Amino acid sequence: MSEIRSQATPARDELADIIHVHVCANNLEDCTRECHLAAAALEKDGWSKPRTVNNAAELDALPVGSVVREICETDFFGVLLIPGTFEKFPNGLGWHVVAGHGSREVPLPVTVLFTPGDAG
């Protein structure tokens, strides 16, 4: 199942809350229903809350074809390091860098960008 399709309803509620704060904050009328409808429409169009993988077991459980990106960090001097993007290859070949630096291991935590499945 794709990351887009695998998100639970609480992500929709969180999105509705964000919409409410930024769109309806000055509106005295209750717009909760409309905010939830807007959140549902955004999810239908492909929005999903980014998922973070924090340990090796979660990383190994991702299907072949998944793409992850390491969380951006800074070096000792505060310079932003270029994050690596990794794809899980078939036939036990493991994770390989497809963009960014050339690390041989996926540095955890990572953000899941894509999992193959029923999403375009």
Side-chain angles (χ1 to χ4, degrees):
M1 181 175 273
S2 74
E3 282 304 303
I4 292 169
R5 304 271 189 247
S6 68
Q7 300 301 315
T9 302
R12 181 180 297 164
D13 293 341
E14 185 176 335
L15 182 58
D17 290 343
I18 293 168
I19 292 169
H20 179 73
V21 167
H22 293 284
V23 176
C24 307
N26 296 325
N27 186 350
L28 299 177
E29 185 179 326
D30 181 27
C31 64
T32 302
R33 180 178 178 275
E34 289 78 9
C35 289
H36 282 273
L37 290 172
L42 288 170
E43 281 185 327
K44 183 179 179 186
D45 284 344
W47 178 88
S48 67
K49 182 177 179 180
R51 176 176 156 207
T52 301
V53 169
N54 294 300
N55 61 56
E58 291 176 348
L59 188 65
D60 291 343
L62 291 172
V64 168
S66 295
V67 177
V68 299
R69 184 175 190 188
E70 74 179 291
I71 307 293
C72 293
E73 294 184 7
T74 57
D75 68 8
F76 178 77
F77 301 103
V79 175
L80 187 65
L81 301 172
I82 297 172
T85 302
F86 302 81
E87 181 177 352
K88 188 172 184 180
F89 280 59
N91 302 322
L93 294 175
W95 292 91
H96 293 272
V97 175
V98 293
H101 65 77
S103 173
R104 294 212 177 263
E105 292 185 23
V106 178
L108 295 171
V110 293
T111 300
V112 179
L113 299 179
F114 174 78
T115 55
D118 57 351

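By convention here, the first residue in the shown sequence is residue 1. Remember, it's a predicted structure, so these values are computed and weren't measured experimentally.
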* **Listed partners of Ala38 passing side chain to side chain contact (heavy atoms under 4.5 Å, CB included), at least two apart** => Ile19

* About how many Å separate CG of Leu113 and CD of Glu87, when rounded to the nearest 0.5 Å? -> 11.0 Å

* Of the non-hydrogen atoms in Pro50 and Thr111, which two are nearest, and what is the gap between them? -> CB-CG2, 3.8 Å

* Among the clusters formed by ILVMFWY side chains lying less than 4.5 Å apart, do Phe89 and Val97 turn up in the same one? -> no

* Provide the closest heavy-atom pair for Gly94 versus His96 in the form atom of the first, atom of the second, distance. => O-CD2, 3.5 Å

* **Taking every non-hydrogen atom, the tightest pair across Trp95 and Ser66** => CZ3-O, 3.5 Å

Using residues 53-65 as the side-chain source, report each donor-acceptor pair under 3.5 Å to any protein atom, sequence neighbours left out, with the distance given to one decimal.
unit_1, atom_1, unit_2, atom_2, d
Asn55, OD1, Ala57, N, 3.1
Asn55, OD1, Glu58, N, 2.8
Glu58, OE1, Asn54, N, 2.9

* Do the side chain of Glu70 and the main chain of Pro83 share a donor and acceptor less than 3.5 angstrom apart? -> no

